[in-house]
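See structure below.
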Amino acid sequence: MAIHTFIDILKRALDEEMTRDASVHLLGEDVAAGGAFGVTRGLADKHGATRVRNTPISEAAITGLATGAALAGIRPVLEIMFIDFATLALDCLLNQTAKYRYMSGGQLTVPLVVRTQAGAAGGAAAQHSQSLETFFIHIPGLVVVAPSSPIEAYGLLKSAIRLGEPVIFIEHKRLYTMKEELPQDFALPAIGKARVAREGTDVTLIAYSAMVQTALEAAKELESNGISTEVIDLRTLLPLDMDTISQSVSKTHRVLIAHEAVQNGGMGAEIAARIGAELFDELDGPVQRVGCPFAPIPFAPELERALLPGSHHIVQVARRMMGLESV
Amino acid sequence: MYRMLWRIRLFEGQVQRLAAAGEVPGFPHLSTGQEAVAVGVCAHLSREDALYTSHRGHGHILAKGSDLEATLAEIIGRESGLCRGRGGSMHLVDVRHGVMGATGVVAGNLALAAGAAWAAQAQGKSNLAVAFFGDGATGAGVFHETLNLASLWKLPMLFVCENNGYAEFTSRDEHSNVNHVSHFAKPYSIPTKTIDGNDLKVVHAEAAEAIASIRAGHGPYLLECMTFRMAGHYVGDAQQYRSKEELAAMIEKCPIERLKRHLLADGVPATVLDAIQVEAKNEIEQASLRARAAARPDPATVMDDVYTSPTLHAISG
Ligand SMILES: Cc1ncc(C[n+]2csc(CCOP(=O)(O)OP(=O)(O)O)c2C)c(N)n1
Ligand SMILES: [Mg+2]
C-alpha cells in the first residue's frame with residue numbers, strides 16, 4: 001500500500017481525473033513546469049501541453065479565461081499560486097464566475113475548480129501566508145473546500161472536479177509534506193458534508209484545513225485531562241453543513257471553533273452565529289473561538305510561532321470551558 | 001442589414017420610452033448611433049461563435065439573432081425574458097444564439113471571451129469568440145492581460161472596440177494619452193485597424209477581413225470602430241458635458257442615414273427602405289405588447305439557480 005504526501009496525492013487525483021474526463025484541463029502559472037510546489041509535475045508530459053497550460057502572471061485574465069472556458073464546456077482546474085494573490089482574481093470570481101448561473105437564469109454553469117494554497121509556514125511572511133477563506137464564503141454561488149489531510153485532499157479534489165460548480169479549493173502549505181496511506185476501498189466524499197474526525201462527548205471542536213490536525217493533537221491532550229472531545233472537520237466551508245454540527249452539539253452542548261484565520265469576521269463568527277440562532281437551547285455555555293490574533297503574519301520564526309494558534313491554545317480554552325482552568 | 005439597424009434603433013427607442021414610463025428597473029445603456037458596429041460585425045458570425053458584450057450590448061445581442069420579445073422581456077424583468085428576469089439589460093445571456101453574456105463590469109467580458117476562444121481551440125472547433133467593449137475598458141489591467149494572452153496563445157478572438165470618445169461623462173483625452181485603441185494591439189503583434197464605425201459598408205467589409213484572418217488561424221484581431229453615442233450614457237443622462245455643436249453633428253454621422261444614402265445611390269427605391277422601417281416598427285410594437293403582457297417572476301423562485309446541485313441549495317444558509 002503506497003504512502004503519499006499531500007502533494008503527490010493531489011497530483012494523483014488530477015492525473016486520474018484528467019484520464020477519466022478529457023474535458024479536464026489544468027491552467028496556471030508554471031503548472032506545466034510542475035507548479036511552485038510540484039503538484040502538477042509530470043502531468044504536461046503525460047496529458048499534453050494543451051491540457052496542462054502555463055499562463056502569464058495575469059491572475060485577472062486567467063481567472064476570466066478559465067471561467068469563459070468552463071462556460072464553453074471545458075472543466076478547468078486553475079491554480080492560483082498563493083491565496084494572497086487571489087485578490088487579483090476576485091473581481092472575476094465575485095462578479096462573473098459565482099453569478100453566471102444565476103444571472104443567466106440557469107442557462108449556464110461554471111464547472112471550475114480554483115486550486116490555491118494558503119496558510120502560514122516556514123517564514124513565508126505577510127504576503128504569502130494568509131488565510132483568506134472568508135473572502136469567498138461571502139459570495140453566493142461559490143463552493144469553498146478546505147481539506148485537512150492527504151486522503152481528504154484526494155477525495156475532495158476529485159469530488160470538486162466532478163461537482164460542476166465553481167469551487168475554491170484551499171490547500172494549506174503546512175500539509176504539503178504530510179504523508180498518509182490511501183485506503184483501497186475509497187468512497188469519494190460528498191461536497192457540502194462535514195465529517196466527524198474523532199468522536200467525543202464533552203466538547204465539539206470544529207476545525208478545517210490544517211487546523212484539524214492541530215485540533216486532533218489538542219483532543220489527545222484533552223483526553224489525558226479527562227475531557228472527551230469530538231472533532232468535526234468541516235471539509236466544505238461554503239455551504240456549511242449545519243446538520244453534522246447540530247448532531248454533535250446536541251451531544252456535547254459545548255462548542256469551540258478553531259481556525260488559523262483571524263477571528264474578526266472569520267468562519268468562527270459565522271458558525272457561532274448560526275449555532276446561537278439555531279441551537280441556543282442545546283448550549284451549556286457560550287461558543288468559544290480560537291484564531292489568529294489580529295495582525296499580519298510575521299517573518300521571523302519566533303514571531304510566526306508566537307502569533308499562530310496552536311494546540312495549547314485549544315487545550316487551554318477547552319479546559320476553561322469545562323471549568324478546569326480559571327478565566 | 002438595413003432592417004437590423006432599424007430594429008435595434010427602434011428597439012432601444014422603445015426601451016427608452018418604457019424606462020421613462022418607469023417600466024424598466026435599473027439603468028439601461030443604449031447603443032443608439034453605434035448600431036452599424038453591431039450589425040456589420042455580427043453579420044459574419046454563426047450561432048456557435050461566442051459573443052461577449054459590454055454594458056451597452058442590446059444591439060450586439062439582437063444582431064446575433066436573439067429574439068426581440070425575449071430580449072425586451074428580460075430588460076423589463078419578466079419570467080419569459082432570456083434570463084427569467086435574473087439578469088436584466090446588463091447581464092443578457094442567450095446561449096441558444098451564442099450570446100454568452102453582457103457584463104456590468106467594464107472590461108470584465110474580455111477574459112471570458114478569451115476563455116471561449118481557448119475552449120474552441122482546445123476542443124478543435126472552428127468557431128471564434130468576439131468581445132465588444134468601449135474605449136473606457138482600455139484603462140483596465142485585464143484588457144492588457146487579455147491582449148497578451150490572446151496573442152501568446154493565438155486565440156481565435158475578435159476584439160471590437162466601440163470608440164465613442166466617452167467613458168460615462170468623461171472624454172477619451174482625459175482617460176489616456178494613447179490616441180487610438182488600435183495602438184494597444186501593436187506591441188502584442190495583434191493585427192489591428194481603426195475604421196469608421198458609423199459606415200455599415202466599411203464595418204462589414206473590415207469585419208469580414210478580420211474574421212477571415214482569425215478563421216484562417218492567424219490568431220486574434222482588434223478592430224477599433226470610431227463611432228458616436230447619440231444617446232446619453234444611460235437613459236436619463238442630461239449630457240451637460242457635450243456641446244450643442246457636437247450633438248448636432250450626430251445627425252450627419254447617424255449610421256442609418258449613412259446607409260440609406262448608400263442604398264439610394266445604389267438605386268434602391270425609397271419606398272422599399274420606408275417599408276422596411278415600417279415593418280421594423282411593427283415588429284417592435286408587437287414584441288413590446290407581448291413582453292409587457294408576460295408574467296412577472298414568482299418571488300418564490302428567487303433562490304433558483306444559485307447552485308446547480310439541489311443538495312448544495314438545501315444547505316446553503
Ligand atoms: C470596473 C467598472 N468600473 C466602473 C464602472 C462604471 N461605468 C459603467 S460604464 C462606464 C464607462 C465605460 O466607458 P466605455 O468603456 O467607453 O463604454 P461606453 O459606455 O462608452 O460604451 C463606467 C465607468 C463599471 N461598470 N465597471
Ligand atoms: Mg466609450
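Order of the sequence lines sets the chain letters (A, B, ...), proteins ahead of strands, with each chain counted from 1.
- Of the listed residues B/Q123, B/R96, B/Q121, B/K125, the one with more heavy-atom pairs under 4.5 angstrom with chain A than any other is B/Q123.
- In this structure, no portion of B/V99 lies under 4.5 Å from any heavy atom of chain A.
- In this structure, CG on B/D305 lies 10.5 Å from OG1 on A/T109, to the nearest 0.5 angstrom.
- For a residue to count as touching a neighbouring chain, one of its non-hydrogen atoms must lie under 4.5 Å from one of that chain's; by this rule A/L163 touches chain B with the side chain only.
- Of the two parts of B/Y52, only the side chain, counted from C-beta on, holds a non-hydrogen atom closer than 4.5 Å to a non-hydrogen atom of chain A.
- At a 4.5 Å heavy-atom cutoff, the contact between B/L152 and chain A is made by side-chain atoms alone.
- Neither the backbone nor the side chain of A/T236 comes within less than 4.5 Å of any heavy atom in chain B.
- With chain B as the partner, the residue from A/S58, A/A72, A/P76 showing the most heavy-atom pairs under 4.5 Å is A/S58.
- Rounding to the nearest 0.5 angstrom, the gap separating the CZ atom in A/R53 from the CH2 atom in B/W153 is 5.0 Å.
- A/L88 CG to B/E145 CD: the interatomic distance, rounded to the nearest 0.5 Å, is 8.0 Å.
- For the set A/M103, A/E59, A/K99, the entry with the most heavy-atom pairs within less than 4.5 Å of chain B is A/M103.
- With a 4.5 Å cut-off on non-hydrogen atoms, B/L110 does not touch chain A at all.
- In this structure, no portion of B/E74 lies under 4.5 Å from any heavy atom of chain A.
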